[in-house]
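Here is how names work: the chains are called A, B, and so on, in the same order as the sequence lines, proteins then strands, and each is numbered from 1.
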2 protein chains.
Amino acid sequence: MSDIDLIIERLELRGHRITSSRRRVLDAVLAQQAHFTVDDLLHTTRKVGRATVFRTMKILLDLNIVCRVMMDDGALHYRLSTGRHHHHLVCTNCGRVEDFSNCDVNSLVRDLQSATQYEIEAHWLEVYGRCQSCQLLASVPESKSAATSKRATSARGGRRGNN
Amino acid sequence: MSDIDLIIERLELRGHRITSSRRRVLDAVLAQQAHFTVDDLLHTTRKVGRATVFRTMKILLDLNIVCRVMMDDGALHYRLSTGRHHHHLVCTNCGRVEDFSNCDVNSLVRDLQSATQYEIEAHWLEVYGRCQSCQLLASVPESKSAATSKRATSARGGRRGNN
DNA sequence: CTCTAAATGAGACGTAGTCTCTGGTCAAGG
DNA sequence: CCTTGACCAGAGACTACGTCTCATTTAGAG
């Protein structure tokens, strides 16, 4: 059973209808290799309304089929999700995104819980850095080839940093 | 020397001019007790243009005088900052925000760095839960008094959760 | 006091997302 | 077959948050 059929099955289980528009959005999502924006989807799925794409993405978000990544410029991108809880490691140079879940946020959360008496429900962690290949490129003087992948897409606005 | 004079001194050191508009924005920021939005500032500082408030906030952000908090509904709020690196613990019920910095994200970052070969530059962590008083309120049946503080302000749009 | 670069305010613009409204599709029931 | 009602689509208005532009003002150095 292919990815798309599995997803369609889950949509049906939730009582959602499988319409041609939703199928087109799903196709577009699955065709994306890195992260993407709703705008990217709109360019590939002609004839599907903006609102419909947003509505479909909301459903996929609820079902943990996609997740959202906060890029270092503050822009929110979508990304196919593993479904399990995880975090993102974002390359600030080329925009590549790595998942990680084998981290130790839980002990941190436990400490915080006992220190503050809060009943902790969720957390959001994004880590930013330079991937290995971007480090190598940077060390070659006058290399003009860096930063060509996703970076171009959407860069305006926003600022990261909560200090 | 008062808070505002200290900040003004830092602005001058950076070569920024101290205009009456900036002073009005500063006053408004310092008058805020919890977290706030640019819109909140606009209501208190009449006669200062929107763009100017945004520009001033950007400077204050650069100087670490304020920081940004991602609320659980996805809205970005501003907050007076301690200046040092820290994270936020947000009550999802009343919107109260607690700072914490005594956490151990660093070991996590170190592990991640050696596992992925990324050169890690920054991270963003927000934790969500229920503060003690909201837990108490919730345990009183039919209590109608909960959730009155900041919650009302801006709630439209956005979704949290990277999962 | 004069001069100029920096800053301002108004408003156009951009982007991400929601809401509203009208109309379509489809399954169940009569 | 027809009706009804729930769900869904698409268009486009609208909102929130922020940036850009441009003509005008002003801080502050000389």
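- The nearest whole Å value for the distance from the CE atom in A:M70 to the P atom in D:dC17 is 14 Å.
- Salt bridge annotation for B:D99-B:R79: present, with a cationic side-chain nitrogen under 4.0 angstrom from a carboxylate oxygen.
- Distance, B:D73 CG to D:dA16 C1': 12 Å, rounded to whole Å.
- Close to D:dT26, at under 4.0 Å from its OP1 or OP2, lies no side-chain N or O of B:T19.
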Residue pair A:H77, A:H88: steps toward the side chain to side chain donor-acceptor pair (under 3.5 Å) verdict: CA-CA 12 Å; A:H77 285 212; A:H88 299 127; over 6 Å; no
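- Atom pair A:L26:CG and D:dA9:P shows a separation of 11 Å (rounding to whole Å applied).
- Put simply, A:R68 has a side-chain N or O that comes within less than 4.0 Å of OP1 or OP2 on C:dG17.
- For DNA chain D, the neighbouring residues in residues 45-55 of chain A, judged by any heavy atom under 4.0 Å, are A:K47, A:V48, A:G49, A:A51, A:T52, A:R55.
- A donor-acceptor distance shorter than 3.5 angstrom exists from the side chain of B:T37 to the backbone of B:D40, with no hydrogens or angles considered.
- Judged by atom type and distance alone, A:R17 does not reach the base of D:dC8 through any side-chain donor-acceptor pair under 3.5 Å.
- Contact between the side-chain N/O atoms of A:Y78 and the OP1/OP2 oxygens of C:dG17 is found at a separation under 4.0 Å.
- Taking the six-membered ring for Trp and thresholds of 30 and 60 degrees, B:Y78 and B:F36 have nearly parallel ring planes, at less than 30 degrees apart.
- Here the C1' atom of nucleotide C:dC26 and the CD atom of A:E12 are 14 Å apart, to the nearest Å.
- The side chain of A:T37 places no N or O atom within less than 4.0 Å of a non-bridging phosphate oxygen (OP1 or OP2) of C:dA16.
- In terms of position on DNA chain D, the residue among B:V38 and B:H16 whose nearest nucleotide sits closer to the 5' end is B:V38.
- Judged by distance alone, the side chains of A:Q132 and B:Y118 never bring a donor and an acceptor atom under 3.5 Å apart.
- Side-chain atoms of A:H35 come within 3.5 Å of backbone atoms of A:G95 as a donor-acceptor pair (strictly under, hydrogens ignored).
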